[in-house]
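Contents: one structure, followed by commentary.
Naming convention: chains lettered A, B, ... in sequence-line order (proteins, then strands); numbering from 1 in each chain. No hydrogens, no waters, no symmetry mates; every other heavy atom, side chains included, goes into these values.
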Amino acid sequence: MNRNSVIWTAIATFWICGGLNEGVAKDIALFGAQPDFLIVATVVISMLTDLRGAALAGFTGGFFQGAITGANMWQYVVTRLIVGWIGGSLIEMRFQRNFLIAALACFVATLIAGLVFLFLTSQPNILGSLRDTLISAMYNAVLAALVYTPVERLSGVKTR
Amino acid sequence: MILGFAISYVQSSQRNNGKTSPLDLVVRTICQPIATVSNKTFQALAGFLSGAVQGDRYALENERLKRQLDSLSLYDDKIKDLEFQVDSLRQLAELEKTFDRPKVLADVIYYSSIEDRITIAAGTNKGIEPGMVVVCAAGLVGRVQTVAPRECQALLITAPSFQIGATALGYNPSPYGLIRGDDTETLILGFQDDKPPVKSGDIIVTSGFSEKLPRGIPRGIVIGRVLNTETRPEVGASRALILPKVNPGNLREVVILK
């Protein structure tokens, strides 16, 4: 694994996904639920590195999301750290790196991050938020499956 | 995580002063080129696909609209008369006064349903300040909370922390209450009276004056329509569920009233 190429790929991925989150996420919402490109980036990058790198990817994802949204930075950092940990743990557990695992990890990570976020922010409409989280999780899973392979190729990380 | 808390503290203190945190500004500035390009590409692609898929329907619609335009020219005098009446009604409802203020037209560049906030492409470069009112053709959108050089963020009326005086149209004396966000789709209008002074279908507008609540929101801006009412005799109060006129998810452009 070339560490530098992973770092540059991570920077580019977060930059592009941050821009997409700000630019088109609201336009491509399905049933009121937006995709979260930064969660997708966090999961994919965390799968290409070790647990420490995954934590850093989680922090970066949360930091970008909090900055773009303009509120509740720490809640985003905490939830995205969980996302990064899930992505990194799967690889530590010797799961094979591929787009299907990326999709599954993204689905689970979005659901867990969404639930923790609901708990931390005390959302008034729990059922509506849960529905949005579930749709977002499915949406993110599809995006992760599409994004994983090009990002893996760019980073030069070998599939196990 | 500690770093996250520290950044969050900086962010909150800056926001409470009506400013955007420098770190937020850096991230948004970095992401802006991609956001702009992706948004324009998406709009162009959506327009192209819509045109390609519905080309025949648009051609028919165009023909139909041309015929309607010809017919409408016959009603020109009637329209002028109605316009005069509308203007008079506006004066009565003080709407003219409302929109007599300097305004800034700007694009909505980001919407967060969880945070009930939108990011607008106008900042101190266009004279925007915290507290200014954000409206669109449908009605009240929210209020500017933080301002950066080229953009600002507004708290939407659906946010639970957004509270404002409101009244219903068509009553004398007007029933005044306090409106606040309930969830991303509805608002709650509370009255200090156990019998609700409004009914389903009533139009709710801003009451326009308040000592305690945010000042500077003019009277008569449409907020929404009453869905149903609820009596709460145990606390000597009543409340109405309001459906906002504005759907923030569909906002493309807004007007900021100075």
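- Neither the backbone nor the side chain of Ser21(B) comes within contact range of chain A, judged by heavy atoms closer than 4.5 Å.
- Using a 4.5 Å cut-off between heavy atoms, Gln34(A) contacts chain B through its side chain alone, with no backbone atom that close.
- Of all the heavy atoms in Tyr110(B) and Gln65(A), the pair that sits closest is OH-NE2, 3.4 Å.
- Residue Ile109(B) holds its CD1 atom at 9.5 Å from NZ of Lys26(A), rounded to the nearest 0.5 Å.
- The part of Leu81(A) that comes within reach of chain B is its side chain, from C-beta onward, which places non-hydrogen atoms under 4.5 angstrom from that chain.
- Heavy atoms of other residues, nucleotides or ligands lying less than 6.0 angstrom from OH of Tyr58(B) number more than 12.
- Summarising the geometry of Gly23(A) relative to Ser38(B), their closest heavy-atom pair is CA-OG, 3.9 Å, with the distance given to 0.1 Å.
- With a 4.5 Å cut-off on non-hydrogen atoms, Phe64(A) touches chain B through its backbone and its side chain both.
- Of all non-hydrogen atoms in Val27(B) and Phe63(A), the two that sit nearest each other are CG2-CE2, 3.5 Å.
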task: Please assess Asp27(A) against Gln43(B) for the test side chain to side chain contact (heavy atoms under 4.5 Å, CB included), listing each intermediate value before the final yes or no.
output: CA-CA 9 Å; Asp27(A) 295 317; Gln43(B) 300 298 345; 3.4 Å; yes

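- Taking a 6.0 Å sphere around CZ of Arg153(A), one finds it holds 12 or fewer heavy atoms contributed by other residues, nucleotides or ligands.
- Listed here is the closest heavy atom pair of Glu115(B) and Thr69(A): CG-CG2, 3.0 Å.
- Between Lys40(B) and Val24(A), every side-chain heavy-atom pair lies at or beyond the 4.5 Å cut-off.
- Residue Val108(B) touches chain A through both its backbone and its side chain, counting heavy-atom pairs closer than 4.5 Å.
- Contacts of Arg28(B) with chain A are made by both backbone and side-chain atoms, with heavy-atom separations under 4.5 Å.
- Within a 6.0 Å sphere centred on CZ of Phe99(A), heavy atoms belonging to other residues, nucleotides or ligands number 12 at most.
- The environment of CZ in Arg52(A) is sparse: at most 12 heavy-atom neighbours from other residues, nucleotides or ligands sit within 6.0 Å.
- Counting heavy-atom pairs closer than 4.5 Å to chain B, the top residue among Ile68(A), Ile16(A), Ile28(A) is Ile68(A).
- For CD of Gln54(B), the number of neighbouring non-hydrogen atoms (other residues, nucleotides, ligands) closer than 6.0 Å is greater than 12.
- A donor-acceptor pair under 3.5 Å is absent between the side-chain atoms of Glu22(A) and the main chain of Ile34(B), judged by distance alone.
- Within the model, atoms SG of Cys31(B) and CZ of Phe14(A) stand 11.0 Å from one another, a figure rounded to the nearest 0.5 Å.
- Looking at every heavy atom in both residues, Gly66(A) comes nearest to Asp24(B) through O-OD2, 4.5 Å.
- Atom CH2 of Trp85(A) has 12 or fewer neighbouring heavy atoms from other residues, nucleotides or ligands inside a 6.0 Å radius.
- If you measure heavy-atom distances from Leu251(B) to chain A, the contacts under 4.5 Å come from the backbone alone.
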